[in-house]
Protein chains: 2
Amino acid sequence: MIGIDTTAIRLMKYKDTLKKLKSLGLVKVFSDNLADSIGVSPSLVRKDFSFFDISGYKRGGYYIDELLEKLNVVLGRNTLHKLVIAGAGKLGLALCNYKGFQDEYIKILALFDIDEEKVNPESPIPILPAESLRAFVAEHRVTLGIITVPEDAAQRTADNMILGGIKGILNFTPLQIRVPKKCVVNTVNLELELDNLIFQISGKNINGKGETGDAEE
Amino acid sequence: MIGIDTTAIRLMKYKDTLKKLKSLGLVKVFSDNLADSIGVSPSLVRKDFSFFDISGYKRGGYYIDELLEKLNVVLGRNTLHKLVIAGAGKLGLALCNYKGFQDEYIKILALFDIDEEKVNPESPIPILPAESLRAFVAEHRVTLGIITVPEDAAQRTADNMILGGIKGILNFTPLQIRVPKKCVVNTVNLELELDNLIFQISGKNINGKGETGDAEE
DNA sequence: TAGATTGTTAATCGATTAACAATC
DNA sequence: TAGATTGTTAATCGATTAACAATC
């Protein structure tokens, strides 16, 4: 939620809608349709596409297949992304099996843990010793890493990932991780998500100053 | 990331900084200090506080203890919040043990699952059958729910939670859940977080149009 | 052709910052 | 008192929307 690019998120939502429209047999779509489906103005839809040099047909809208393909390119979904997870605790294992991460273009190669008891190279997705992280990443040219290790090991783990050649990190610790400019860290702070929920329901009960969510009647 | 109130997030960051300053022995803080620590202007810090009727002392800044207490009230951290988790899969169990959720003012009362094999009322945090969710929530006056069930059961689960009296839901399915206006749903879409990371590193490699993260050299 | 939709420029809106009077 | 910081109003900035010429 911090530093997240709102345009990219809209592109992903367009993609979702397009997939649903396609499954209904539709072939073309207008900026107006997409705008309605995700709750923005048609101008913004056109501007988003235009920004990424995706053009439609005056009077004819956009062809769904064509649009999907172009969005996939922009979103990086036309090449395979290799991924490792540091930390084979409950969260790491949960993410490893998370359905949303099973995708043609995402491959989870291994988990890593410092605890020898957890190491198991024979597991369907091997669990390897933490000290082999950097070499593994380098050898397999892994580009994405997920960090679910304890807070005090987070920065060290990130450093190793980056030395190995990882370009993007999804960080599940509440810590602010520092990386070189050429890399990206996105932090998912679950604690903050819960805090935020508590704030919102507290606000609703006490006075009108709490913010409204994405709820509807 | 969607519909999140940026002010509340800043308040939480102020709180974090304040706790750290306090642990260093500091007693007072100026809007300038807090602004630096979270990367906004001092005016915004003062405006945030002023919005919630938190006032300081001209020339004297703010007293850390006083500020922390007031922030806790605004953020709802002065009363106990009862919580249940629907779905005792890997993610549900991981969250149940998540350190960030262990807090004086948060109490996880139970998990619920439709799978009888998983049910275990004797577990430290009991795992109960899904059909008892609504009654349990009502009986214990639970106000917060976390949803980690499969997508197709998400809306039904949310409905039950709300019928039981839950006011805020943290939704881990990619589905848009509909709730009455008096309730709040925040969605943590892990799939989208990974997608977004992929977009960012793809953008960095292909052209200059990808967005930068919160990284630094 | 007439009508409809894109692509883009100008206008609006909201959030953040700068500036400054009040005052300790 | 003189100097420094708050609280708030005006200015700025960026993101979204409205409007419209181009054109299929």
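Within every chain, numbering begins at 1; the chains are lettered A, B, ... in the order of the sequence lines, protein sequences first and strands thereafter.
Nucleic acid contact for B:Phe49: none, since no nucleic acid atom lies under 4.0 Å from a heavy atom of the residue.
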Dot-bracket encoding of pairs in DNA chain D, which uses [ ] for pseudoknotted crossings and | for another strand, Watson-Crick or G-U under 3.5 angstrom:
..||||||||||||||||||||||
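Around the NZ atom of A:Lys82, the shell of radius 6.0 Å holds more than 12 heavy atoms that belong to other residues, nucleotides or ligands. No more than 12 heavy-atom neighbours from other residues, nucleotides or ligands sit within 6.0 angstrom of NZ on B:Lys107. Other residues, nucleotides and ligands contribute more than 12 heavy atoms inside 6.0 Å of the CD atom of A:Glu66.
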With sugar-phosphate taken as primed atoms, P, OP1 and OP2 and all else as base, the protein-contact string of nucleotides 12-24 of chain D at under 4.0 Å (heavy atoms; B, S, -) is ----BBBB--BSB
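A salt bridge between B:Arg77 and A:Asp195 is present, with a side-chain N of the basic residue lying under 4.0 Å from a carboxylate O of the acidic one.
The CZ atom of A:Phe51 sits 17 Å away from the C1' atom of C:dT9 (whole-angstrom rounding). The separation between B:Leu67 atom CG and D:dG7 atom C1' is 15 Å, rounded to whole Å.
Side-chain atoms of B:Thr148 come within 3.5 Å of backbone atoms of B:Ala86 as a donor-acceptor pair (strictly under, hydrogens ignored). Looking at B:Lys167, its side chain does come within 3.5 Å of a backbone N or O of B:Gly165 through a donor-acceptor pair. Looking only at distances, no side-chain donor or acceptor of B:Glu191 sits under 3.5 Å from a matching main-chain atom of B:Pro174.
Here A:Tyr63 does not reach the OP1 or OP2 of C:dT6: none of its side-chain N or O atoms lies under 4.0 Å away. Contact check, A:Ser50 against C:dG7: no side-chain N or O comes under 4.0 Å of OP1 or OP2.
A distance of 11.5 Å separates CG in A:Leu34 from CG in A:Asp16, rounded to the nearest 0.5 Å.
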